[in-house]
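Please read the structure below before turning to the comments.
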Amino acid sequence: MKSLELAFKGTDHRIKNLRLKYVNADLTVEEAEAIMVKMAATKLFTKQDVELYATPVSATVVETTKTPLPGAAG
């Protein structure tokens, strides 16, 4: 499964990660950047006056592979 991991810096200067599943893995850098800027501009995610996703930092596509253990029911 592929997911998109977005890293943002909060107004508290700490890095926050947001992982989204079922994303378009062919997303371009420009598209990911535009999405992150829009998310940050909404100021939707706040906790005790700290904007959690204030400044976009990076975006990464993460691919997860499940491998069953030998003899395990599946």
Side-chain angles (χ1 to χ4, degrees):
M1 176 194 325
K2 292 186 180 182
S3 59
L4 180 63
E5 185 170 282
L6 305 175
F8 291 86
K9 185 181 284 189
T11 54
D12 60 353
H13 304 288
R14 296 177 65 191
I15 299 295
K16 312 290 189 295
N17 293 303
L18 177 66
R19 186 173 285 194
L20 305 170
K21 296 181 180 182
Y22 310 108
V23 296
N24 177 2
D26 298 324
L27 201 63
T28 66
V29 172
E30 293 80 15
E31 291 170 330
E33 202 171 84
I35 290 166
M36 293 177 76
V37 168
K38 285 181 185 179
M39 289 175 68
T42 64
K43 299 182 182 182
L44 181 64
F45 303 99
T46 59
K47 182 177 182 181
Q48 298 175 351
D49 296 329
V50 174
E51 293 176 32
L52 301 178
Y53 303 116
T55 307
V57 175
S58 66
T60 309
V61 174
V62 178
E63 188 168 357
T64 305
T65 305
K66 290 185 180 182
T67 305
L69 295 172

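In terms of hydrophobic clustering, with Ile, Leu, Val, Met, Phe, Trp and Tyr side chains grouped at heavy-atom distances under 4.5 Å, L20 and I35 are assigned to a common cluster. Residues V37 and L4 are members of separate hydrophobic clusters, defined by side-chain heavy-atom contacts under 4.5 angstrom among Ile, Leu, Val, Met, Phe, Trp and Tyr. The hydrophobic cluster containing M1 does not contain V61, counting ILVMFWY residues as joined when their side-chain heavy atoms lie under 4.5 angstrom apart, directly or transitively.
Within the 4.5 Å cutoff, the side chain of V50 has no heavy atoms near those of the R14 side chain.
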Let me have the donor-acceptor pairs involving side chains of residues 23-32, under 3.5 Å, with sequence neighbours excluded, atom names and distances please.
unit_1: N24; atom_1: OD1; unit_2: D26; atom_2: N; d: 2.9
unit_1: T28; atom_1: OG1; unit_2: E31; atom_2: N; d: 3.1
unit_1: T28; atom_1: OG1; unit_2: E31; atom_2: OE1; d: 3.3
unit_1: E31; atom_1: OE1; unit_2: T28; atom_2: N; d: 2.9

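Considering only residues two or more places apart in sequence or on other chains, E33 meets the salt bridge (charged side-chain N to carboxylate O under 4.0 Å, His left out) condition with none of them. Remark: A7 pairs with I15, N17, V57, S58 by the side chain to side chain contact (heavy atoms under 4.5 Å, CB included) rule, at least two apart or across chains. With sequence neighbours left out, the salt bridge (charged side-chain N to carboxylate O under 4.0 Å, His left out) criterion links K16 to D12.
Residue pairs meeting the side-chain hydrogen bond (donor to acceptor under 3.5 Å, both in side chains) criterion with at least one partner in residues 39-52, sequence neighbours excluded, do not occur; the list is empty. The ring-ring contact (aromatic ring centres under 6.0 Å, His included) contacts involving residues 8-27 comprise F8-Y53, where partners must be two or more places apart or lie in separate chains.
With rounding to the nearest 0.5 Å, the separation of OG1 in T60 from CG in L6 is 8.5 Å.
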